[in-house]
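One structure is given below, encoded as structure tokens.
Below, read A as the first sequence line, B as the second, and so on, with proteins coming before strands; counting in each chain starts at 1.
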Amino acid sequence: MNIFIAKLDFNTQEDSLKEAFEVFGDVSSVKIITDKFTGRSKGFGFIEMPDDDEANSAIDKLNESELDGRTIVVKKAKPKEENSRYNSRGNSNRKSY
DNA sequence: GTTGAGCGTT
């Protein structure tokens, strides 16, 4: 499950975010968005967790929580469509509750 | 030695 984290502190790095999420479950990957020109963090990032249940728990626990002294916003990430051209075969993975 | 709503660079 992809998780979107916003309002991160500009000093917060991927390691801190990963540690915060891997407490609730296994973290597949962590990604902090940084500006390409300035190289500074844009203040938001993404977390990828293989287990959806743990991911939802992590979202519920870490949403509006405190990280690096700043209140963060954790939600489910938008469905990122990488390839729409080659994905027209059948369906996409749409898990519903 | 900055800023603060919102969805990414492989």
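Residues A:K78 and A:N2 are not in side-chain contact: their nearest non-hydrogen atoms beyond the backbone lie 4.5 Å or more apart. Side-chain contact check for A:I72 versus A:S65: some heavy-atom pair is nearer than 4.5 Å.
Rounded to whole Å, atom P of B:dC7 lies 6 Å from atom CZ of A:F4. Rounded to an integer number of Å, the gap from CZ of A:R70 to P of B:dA5 is 11 Å. Atom-to-atom, NZ of A:K31 to P of B:dG8 comes out at 10 Å; the value is rounded to the nearest Å.
Between A:I32 and A:R40, the residue whose closest nucleotide on DNA chain B is further toward the 5' end is A:R40. Along DNA chain B, the nucleotide nearest A:I33 and the nucleotide nearest A:V73 are compared for position; the residue whose nucleotide lies closer to the 5' end is A:V73.
Residue A:V73 belongs to no hydrophobic cluster, having no ILVMFWY side-chain heavy atom closer than 4.5 Å to its own.
Under the rule for a side-chain hydrogen bond (donor to acceptor under 3.5 Å, both in side chains), the partners of A:D35 that lie at least two apart in sequence or sit in another chain are A:T38. With sequence neighbours excluded, the residues satisfying side chain to side chain contact (heavy atoms under 4.5 Å, CB included) with A:D68 are A:D9, A:N11, A:T12.
Rounding to the nearest 0.5 angstrom, the gap separating the OG1 atom in A:T71 from the NZ atom in A:K7 is 6.5 Å. With rounding to the nearest 0.5 Å, the separation of CZ in A:R70 from CZ in A:F10 is 8.5 Å.
In this structure, the aromatic ring of A:F44 is not positioned over the six-membered ring of the base of B:dG8 within 5.5 Å between centres and 30° between planes.
For A:K75, the listed nucleotide lying nearest its side chain is B:dC7; candidates were B:dC7, B:dT2, B:dT9. Listed nucleotides B:dG6, B:dT9, B:dG8 differ in distance to A:N2; the shortest reach to its side chain belongs to B:dG8.
Between A:K42 and the phosphate of B:dT9, there is a side-chain N or O to OP1/OP2 separation shorter than 4.0 Å.
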Donor-acceptor list for residues 23-31 of chain A side chains, cut-off 3.5 Å, not counting sequence neighbours:
from  : atom 1 : to    : atom 2 : distance (Å)
A:S29 : OG     : A:E48 : OE1    : 2.8

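Listed by first then second residue, pairs satisfying ring pair (Phe, Tyr, Trp, His ring centres under 6.0 Å) with a partner in residues 44-77 of chain A read A:F4-A:F44, A:F4-A:F46, not counting sequence neighbours.
DNA chain B is contacted by A:L8, A:D9, A:F10 of residues 8-24 of chain A, taking any non-hydrogen atom closer than 4.0 Å. Taking a 4.0 Å limit (strictly below) on heavy-atom distances, residues 62-69 of chain A does not reach DNA chain B anywhere.
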